[in-house]
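Below is one structure, written out as structure tokens; comments come after it.
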Protein chains: 2
Amino acid sequence: MGNEKPRQRRNTRIRQAIIKSAVEIIHHEGVAALSIRRIADAIDYSPASIYEYYANKDAILQAVCEEGFAKLTEALNDYPPQSDIRLATRECGVQYVRFAVSNPDYFLLLFSNMGNQVYRSPEVSFDTQLLNSPAFMVIHTHIQAMIAAGHCVVTPSYGSFQIALSAWQMVHGIAMLALTMQRHGPLDYSVIRATLDAWQRGFAPHGARKELL
Amino acid sequence: MGNEKPRQRRNTRIRQAIIKSAVEIIHHEGVAALSIRRIADAIDYSPASIYEYYANKDAILQAVCEEGFAKLTEALNDYPPQSDIRLATRECGVQYVRFAVSNPDYFLLLFSNMGNQVYRSPEVSFDTQLLNSPAFMVIHTHIQAMIAAGHCVVTPSYGSFQIALSAWQMVHGIAMLALTMQRHGPLDYSVIRATLDAWQRGFAPHGARKELL
DNA sequence: TCAAAAAACCGAACATTGTTCAATAAATAT
DNA sequence: ATATTTATTGAACAATGTTCGGTTTTTTGA
């Protein structure tokens, strides 16, 4: 691999430059400031040339989102090692919120365009589609470990998938409301940890209530 | 009250017509289809005239959001009477999700513009700002009743406010992910109810685990 | 009642957006 | 070296939010 024609290499290099400048514009000035002409300026091309590499603005945003989801997946694993699976799972959730609040416009963009992103092929079920999404896989793996360690009770109608989805919904709600409401003023991560502890307790087996940390 | 000058009445009537047509456009064709010229067409005015009633498009969207939050607050109480506070609280959460999925663009708009909506005056703390928001008050009231009935454990650092916020975060996450991912295909509300039950269990006192319904 | 003042309304324009297309410049193939 | 394919662009189009000067309508006050 890696030995394509020079033309191919130039093509992909320019494509990368396009989405790189797009990401930078979004990060520094918000998604509202992103325009084809801004990108063209940044990479010293004419606006019309951009359309030689991406069909339209939406295609660019989609590429930006793909990279965004990859970065999010990375971030989910970027926490110090923990002694207990429950703590690790909790910190994974904290990382989700942290990523959101440190890349607000980026994060919001991810989940505005996600409809086109993930669930694009209606022939594949929502569940399998999700289970193949790397970001969800990280969460799902944590939940499976929790179940294996006896920290989560599963029922026939509510298994590891549902629990993982619930975990995602929980951290996503925390992140979203933090972004749209608490944007001013810093977050109290100890409260967030307490919230995630409560979430875990909801799935813990009866009688298991010893406190962590 | 109600006996203002005719000019005042006309003024407010036109203002109402503007946001009413805006709501309809959003509801039928999505927020992307909303433009000043579309509104002007709908109410038989010129585009320029709109600016006699609202400073700019953002001001219109803000007015739409205010109405949206009022409708959301209404919807939160629009469920059949329940025998148990826990069931009522759960149905309130279901209503939140229901409102979101039956008014997707509307709902997404609410929480894109919410930064400007609620937390606008930095001198008032986030907590008191939230506690004065009607939609949050509905949730908070439910949680207070749950606490009073002994279904929720409170600690010095995690009281009714934090629990209510957590409840909002939970349902908001469910709604948001449903909107951006499960937009195709209907929701399984029995799974959502199970999720909300698990959430409640997380705050239930030790040893209280009898199943509801 | 009727002129003056104020308010409401609109046509035309401006700047900015995404996007297209014919024409030109560059790269590649023969 | 020439023909052909590819890359690039300037200019234009339509749609957007918004402004402004002027015109029409309404209210005011004598």
Side-chain angles (χ1 to χ4, degrees), chain A residues 3-26 28-65 105 108-109 112-113 115-116, chain B residues 2-65 105 108-109 112-113 115-116:
Chain A
N3 52 355
E4 310 99 345
K5 300 265 168 68
R7 223 183 22 232
Q8 285 261 356
R9 274 206 299 269
R10 252 180 309 173
N11 196 284
T12 62
R13 205 185 322 146
I14 294 179
R15 284 174 67 95
Q16 287 171 352
I18 289 177
I19 72 133
K20 183 185 172 191
S21 71
V23 167
E24 270 165 16
I25 292 170
I26 291 175
H28 288 109
E29 309 177 42
V31 68
L34 184 75
S35 74
I36 300 288
R37 286 172 173 83
R38 285 286 268 104
I39 297 177
D41 259 24
I43 66 171
D44 291 315
Y45 270 76
S46 79
S49 296
I50 305 288
Y51 290 86
E52 212 70 31
Y53 298 93
Y54 286 98
N56 48 35
K57 197 184 178 182
D58 249 31
I60 297 177
L61 286 179
Q62 189 174 317
V64 169
C65 285
D105 287 277
L108 286 178
L109 177 65
S112 321
N113 282 44
N116 325 10
Chain B
N3 51 357
E4 310 100 345
K5 301 262 167 72
R7 207 167 56 216
Q8 284 263 354
R9 273 206 299 269
R10 251 181 311 171
N11 195 285
T12 62
R13 206 185 321 146
I14 295 179
R15 285 174 67 94
Q16 286 171 352
I18 289 176
I19 73 133
K20 183 185 171 191
S21 72
V23 168
E24 269 165 17
I25 292 170
I26 291 176
H27 192 259
H28 290 110
E29 310 177 43
V31 68
L34 184 74
S35 74
I36 300 286
R37 285 172 173 84
R38 286 285 271 103
I39 297 177
D41 259 24
I43 66 173
D44 292 315
Y45 270 76
S46 79
S49 296
I50 305 288
Y51 290 87
E52 211 71 33
Y53 298 92
Y54 286 97
N56 48 34
K57 197 184 179 182
D58 249 29
I60 297 177
L61 286 179
Q62 189 174 317
V64 169
C65 285
D105 287 277
L108 286 178
L109 177 65
S112 319
N113 282 44
N116 325 8

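Owing to the predicted nature of the structure, the values given are computational and were not obtained by experimental measurement. Note on naming: letters A, B, ... go to the chains in the order of the sequence lines (proteins, then strands), and numbering restarts at 1 for each one.
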Atom pair SG/CD1 of B:Cys65 and B:Ile19 - distance to nearest 0.5 Å
10.5 Å

Give me, pair by pair, the N or O atoms of the protein and of nucleotides 26-30 of chain D that are less than 3.5 Å apart, along with how far apart they are.
{"residue": "D:dT26", "atom": "O3'", "partner": "B:Arg10", "partner atom": "NH2", "Å": "3.2"}
{"residue": "D:dT27", "atom": "OP1", "partner": "B:Arg10", "partner atom": "NH2", "Å": "2.8"}

So do the side chains of A:Ile60 and A:Ile50 get within less than 4.5 Å of each other, counting heavy atoms only?
yes

Nucleotide nearest B:Ser46 (side chain, heavy atoms from C-beta), chosen from C:dA8, C:dG18, C:dC10
C:dC10

Atom pair CD1 (A:Ile18) and OH (A:Tyr53), whose distance is rounded to the nearest 0.5 Å
7.0 Å

Check the distance between C:dG18's P and A:Asp58's CG and give it to me in whole angstrom.
11 Å

Expressed as a whole number of angstroms, how long is the span from A:Leu61:CG to C:dT17:P?
15 Å

To the nearest 0.5 Å, atom CG of B:Leu61 lies from atom OH of B:Tyr54 at 11.0 Å

How many angstroms lie between atom CG of A:Leu108 and atom CG of B:Leu108, to the nearest 0.5 angstrom?
10.5 Å

Heavy-atom contacts under 4.0 Å between residues 28-44 of chain A and DNA chain C, which residues?
A:Leu34, A:Ser35, A:Ile36, A:Arg37

Once rounded to the nearest 0.5 Å, what's the spacing between atom CD of A:Gln62 and atom CG of A:Asn56?
9.5 Å

What integer distance in Å separates B:Glu52:CD from D:dT18:P?
15 Å

Distance, rounded to the nearest Å, where B:Tyr51 contributes OH and C:dA13 contributes C1':
14 Å

If you pin A:Ala48 and B:Tyr45 to their nearest nucleotides in DNA chain C, which one's is more 5'?
B:Tyr45

Could you state the atom-to-atom distance from CD1 of B:Ile25 to P of D:dA15 in whole Å?
16 Å

Report yes if a side-chain nitrogen or oxygen of B:Ser49 is closer than 4.0 Å to either non-bridging phosphate oxygen (OP1 or OP2) of C:dA8; otherwise report no.
no

Passing option when A:Asn11 is tested against A:Arg9, A:Arg13, A:Arg15 for side-chain contact (heavy atoms from CB on, under 4.5 Å):
A:Arg15

Nearest-0.5 Å distance that lies between atom CD1 in B:Ile26 and atom CG in B:Leu34:
5.0 Å

Rounding to a whole Å, what distance do you find between A:Ile50:CD1 and C:dT17:C1'?
15 Å

Within this structure, what is the CG-to-C1' distance between B:Asn11 and C:dC9, rounded to whole angstrom?
13 Å

List the atom pairs, donor and acceptor, that lie under 3.5 Å between side-chain atoms in residues 37-45 of chain B and the rest of the protein, sequence neighbours left out.
{"residue": "B:Arg38", "atom": "NH2", "partner": "B:Glu29", "partner atom": "OE1", "Å": "3.1"}
{"residue": "B:Arg38", "atom": "NH2", "partner": "B:Glu29", "partner atom": "OE2", "Å": "2.3"}

Please report, rounded to the nearest Å, how far the P atom of C:dA7 is from the CD atom of B:Gln8.
11 Å

